[in-house]
Structure formats: C-alpha cells, structure tokens
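Please read the structure below before turning to the comments.
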2 protein chains.
Amino acid sequence: MSIRKSKQPRIRRTPEESRANILSSAERLLTEQGPQTLRLADVAKEAGVANATVLHHFGTIDGVHTALMERMIAELVEKVMAIELTEDTEVSRAQALTTLFEAFEQKQASKLAAWLELTHQAGRLTNVRQVVRDVTRTKFHHQNVPEDVVEDVMLVCITLALGVGLFGQTLSEMLGKPPSRAKEMALSVLMLGLRQLEAERKS
Amino acid sequence: MSIRKSKQPRIRRTPEESRANILSSAERLLTEQGPQTLRLADVAKEAGVANATVLHHFGTIDGVHTALMERMIAELVEKVMAIELTEDTEVSRAQALTTLFEAFEQKQASKLAAWLELTHQAGRLTNVRQVVRDVTRTKFHHQNVPEDVVEDVMLVCITLALGVGLFGQTLSEMLGKPPSRAKEMALSVLMLGLRQLEAERKS
DNA sequence: TTTCTTATCGACATTTTTGTCAGTAGCGCT
DNA sequence: AGCGCTACTGACAAAAATGTCGATAAGAAA
C-alpha cells in the first residue's frame with residue numbers, strides 16, 4: 001500500500017552553477033509571482049534543492065535577495081551599454097529608444113526597479129550615474145549637444161521606459177487595447193517631443 | 001526597583017474611527033517603509049493598538065491589505081475625477097497634466113500601483129476603464145477628437161505619470177539633479193509630443 | 001447607579017519561516 | 001579501489017508572524 005517515493009540521486013554542481021541555478025529560480029519567482037514568494041522554501045523548491053542548500057550558498061535568505069538584485073542590475077547595465085547609437089538620425093534614435101524600452105520590459109528590469117524603490121533599496125543602484133555618464137560620452141559624443149542636456153534627455157527616457165515597462169501592459173489591457181499600445185504611444189510622444197525640444201533649443 | 005509602566009487608559013473609538021486610524025497607519029508604513037512592513041505587529045504598533053484590535057476590525061492581516069488598497073484607490077479616483085479641464089487651450093492642458101502628475105505622486109498612488117502590479121493584484125483596479133471613460137466624456141466632450149484617440153492619450157499620460165511618480169524623484173537625485181527634474185522634463189516632452197501628435201492627426 | 005454592548009487587551013496557541021547540524025554522497029585525485 | 005573534499009540533505013531547533021479566547025473597561029442607555 002505504501003507509495004514508493006523513488007529518491008532522486010543527488011545533483012552535485014559547482015558552487016557557481018548552483019548559485020546561478022538558485023538565482024535564476026528566484027528571479028523567475030520575483031517576476032512571475034511577486035516579491036512575497038521570495039521565501040526560503042519557495043526558492044528552494046523552485047530550484048529543486050533543499051532549503052539547507054540555499055543557505056549553504058547564500059548564508060541567509062537576505063543573501064539571496066541581495067545577490068539577486070546585484071545580478072539583475074548587472075545584466076540590465078550590460079544590456080543598456082550594448083545599445084548602439086552610431087548615427088544622429090531620427091531612425092537611429094527611434095531604434096535606440098525602442099531597444100531601451102525593450103531592455104526595461106524584457107528582463108523585468110522595471111519590476112526589479114520597483115522592488116528596489118518600494119523597499120528603499122534604490123541606493124543599491126550606485127552606479128546609475130556612472131552608467132549614464134558613460135553612455136552620454138560614448139554614445140552621444142558626436143552630437144553637438146551639451147552633456148547636461150543629454151543627461152536630462154536620458155533621465156526622461158529612463159523614467160518613461162520604467163513606467164512603460166512596469167505599468168504599460170497592464171494599463172493597456174485595462175483599457176481594452178493591445179498590450180503594447182502604451183509602449184507605442186509613449187515612443188511616439190517621446191520621439192515627437194524630443195524633436196520639438198531640440199528645435200526649441202536651437203532657436 | 002521595579003519600573004512602573006504607567007498603563008495608558010484605553011482609547012475607545014467608534015469602529016469607523018478605529019478602522020481609519022489603523023488604515024492610516026498602514027498607509028504610512030507602506031509609503032515610508034515599504035510593503036514588507038505591513039505586518040500585523042508593525043501595523044498595530046504604528047496605530048498604537050494591540051494586535052488583537054487590528055484583527056477584531058479586519059479579520060486577518062490580508063483584510064487590512066485589501067481595505068488599504070481599496071481606500072487608496074478610492075482616494076486616487078476621487079482626485080483624478082476632480083481635475084478640471086474646462087477649456088481646450090495649451091495652458092488648460094498643461095495645468096490638467098500637472099495636476100494629474102501631482103495626484104500620482106502626492107498620495108503615493110504610484111507606490112500603491114507598483115505594489116498592486118508586483119503582487120499581481122492589479123485586477124483589483126476594475127474601475128480604471130470606467131474612470132477613464134467617464135473622464136473622456138465629462139472632460140473632453142467639447143473637443144472634436146474621437147473617443148478612442150482620447151483614451152490613447154490618457155493611457156500614455158497615466159503610464160508616464162505613474163513612471164514619474166514612482167521613479168522620478170529617485171532617478172533625478174541619482175543623476176545629481178533637483179528631485180523634480182524628471183517630472184518637469186516629462187511634462188515638457190509630453191506637452192510638446194501631444195501637440196505634434198495632434199498636428200499630425202489633423203493633416 | 002446599574003446594566004448592556006462591544007472595542008480593547010494580554011496571554012496563549014498555532015502556523016509559518018528561517019536557520020542549525022551531523023551525516024550522506026558525488027567527484028576528482030592518488 | 002581508496003581517500004579527501006565539500007555540495008548536499010533530512011531532521012530538528014529557533015524565531016517570527018498570525019490568529020484565538022476569555023477578561024476588562026469605556027461609553028451609552030435605562
């Protein structure tokens with residue numbers, strides 16, 4: 001009558017692999033189930049390991065949170081830095097903006113940012129300014145625009161990309177529209193608005 | 001040697017007052033400390049009552065969460081509905097937009113929205129579509145623009161207002177700029193972009 | 001004053017979540 | 001094969017969070 005619980009053989013990973021496995025599971029939980037589910041038992045179950053294994057690699061559940069944040073931040077920064085903006089044309093800009101918006105929505109970066117903001121951990125993003133400056137210099141160096149103006153533009157682009165990434169889909173669907181509508185509208189308005197802003201500045 | 005713990009006389013409120021007191025405390029915790037601190041003991045302590053008192057009025061801690069969400073939503077809707085847009089002028093629009101942005105940042109509505117989004121409770125906002133439709137009809141009835149276009153515009157405005165409300169201040173300060181810079185930039189871009197969009201539509 | 005209602009509370013019980021520890025088992029190395 | 005290292009695990013302990021219950025007291029009404 002007893003059900004045989006065929007015990008799986010242990011999987012022994014390298015520490016790096018194991019950490020990556022656990023963090024990937026945690027990231028999945030964060031984005032699909034929300035921050036509440038980032039509990040020890042949940043993470044361990046999602047990763048297919050014992051609770052003690054998670055603690056073995058990260059010390060505490062908070063260690064998991066910290067490591068997850070840092071991993072997601074690093075990935076996002078890498079993605080943003082990879083955006084190409086070789087020419088100063090409308091098309092090139094539109095592409096860059098689209099890529100930026102997608103970077104913030106694809107890897108759930110907006111959810112990460114919201115989590116950091118809500119938990120007052122935004123201070124973790126100490127390198128944001130440096131990244132923005134690097135982008136300003138490396139991507140916009142050929143444009144004859146003052147650097148602080150470029151920074152203002154990037155500020156508004158990032159803010160809007162975050163807003164769209166976090167709320168765009170839900171809001172669009174609430175209004176009975178296709179889920180990408182908010183993003184499309186935001187991109188249109190942003191492109192047109194920035195063009196006008198530049199025109200005004202030149203006069 | 002024993003320290004006399006002068007026991008306070010009980011405060012006996014009406015059920016409505018007591019609920020309001022508890023919810024206000026919870027709201028303070030949500031916006032100032034983050035959602036993690038919306039625990040029974042934290043809420044009770046902030047409200048200055050015993051844990052059991054909170055449960056007496058709300059049943060469970062989840063009941064507190066639900067009631068808090070509903071209260072904040074109602075307050076926000078009221079604020080948005082109160083926005084005036086009597087004329088179809090640039091100035092009038094700018095004022096309305098500014099008011100909208102402020103509504104989303106003042107009462108921490110963006111944090112509420114982010115909380116709902118992260119916890120997959122956005123479905124609670126069932127009346128968003130109705131509110132948008134009401135606003136479309138009551139505020140824009142005198143403008144000769146199709147209703148679905150107005151809805152698209154409101155979609156982008158709300159999305160951006162949320163983004164600015166949630167991330168604007170932090171991002172601005174990260175880049176070493178005054179905290180309202182993101183909002184100002186967003187408003188500028190939004191006004192210019194919408195004007196252009198309208199111009200394009202007319203041609 | 002006395003009575004009645006019920007908001008309030010402290011103490012306790014239950015459940016949930018985190019963390020500890022001693023032993024087990026993969027895997028490389030000799 | 002035998003050995004050493006350590007990733008891994010289950011069982012248990014500790015802590016934290018939620019919820020229950022009977023008693024108390026504030027205020028209204030008789």
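Hydrogens, waters and symmetry mates play no part in the numbers below; they use all other heavy atoms, side chains included. Numbers restart at 1 for each chain; the letters A, B, ... are given by sequence-line order, proteins then strands.
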Q.
Evaluate B:Leu160 against B:Leu190 for side-chain contact (heavy atoms from CB on, under 4.5 Å), listing each step before the verdict.
A. CA-CA 9 Å; B:Leu160 302 196; B:Leu190 195 48; 3.8 Å; yes
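Sorted by first and then second residue, the salt bridge (charged side-chain N to carboxylate O under 4.0 Å, His left out) pairs involving residues 156-176 of chain B (not counting sequence neighbours) form an empty list.
Take B:Asn21 and apply the side chain to side chain contact (heavy atoms under 4.5 Å, CB included) test, not counting sequence neighbours, and it matches B:Arg13, B:Ser25, B:Ala47, B:Val49. For A:Arg129, there are no side chain to side chain donor-acceptor pair (under 3.5 Å) partners at least two apart in sequence or on another chain. In this view, A:Glu32 satisfies the side chain to side chain donor-acceptor pair (under 3.5 Å) rule with no residue, not counting sequence neighbours. Legend: residues meeting side chain to side chain contact (heavy atoms under 4.5 Å, CB included) with B:Arg19, ordered by chain and number and at least two apart, are B:His57, B:Phe58, B:Ala67. Every side chain to side chain contact (heavy atoms under 4.5 Å, CB included) that B:Thr159 has, sequence neighbours left out, goes to A:Val164, A:Leu171, A:Ala182, B:Leu155. Residues meeting the side chain to side chain donor-acceptor pair (under 3.5 Å) test with B:Arg124, sequence neighbours left out: B:Gln121.
At D:dC8, none of the side-chain N or O atoms of A:His56 fall inside 4.0 Å of OP1 or OP2 (strictly under the cut-off).
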Q: Go along nucleotides 17-23 of chain C 5' to 3' and tag each nucleotide: B for a protein heavy atom under 4.0 Å from its base, S when only backbone or sugar atoms are that close, - otherwise.
A: SBBBB-B
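Listed in residue order, the members of residues 18-28 of chain B having a heavy atom less than 4.0 Å from DNA chain D come to none.
The CD atom of A:Gln36 sits 12 Å away from the P atom of D:dT18 (whole-angstrom rounding). Counting to the nearest Å, the P atom of D:dG27 and the CD atom of B:Glu17 are 11 Å from each other. For the pair A:His57 NE2 and D:dT6 P, the computed distance is 13 Å after rounding to whole Å.
Projected onto DNA chain C by closest heavy-atom contact, B:Ile11 and A:Arg12 fall at different nucleotides, the more 5' of which corresponds to B:Ile11.
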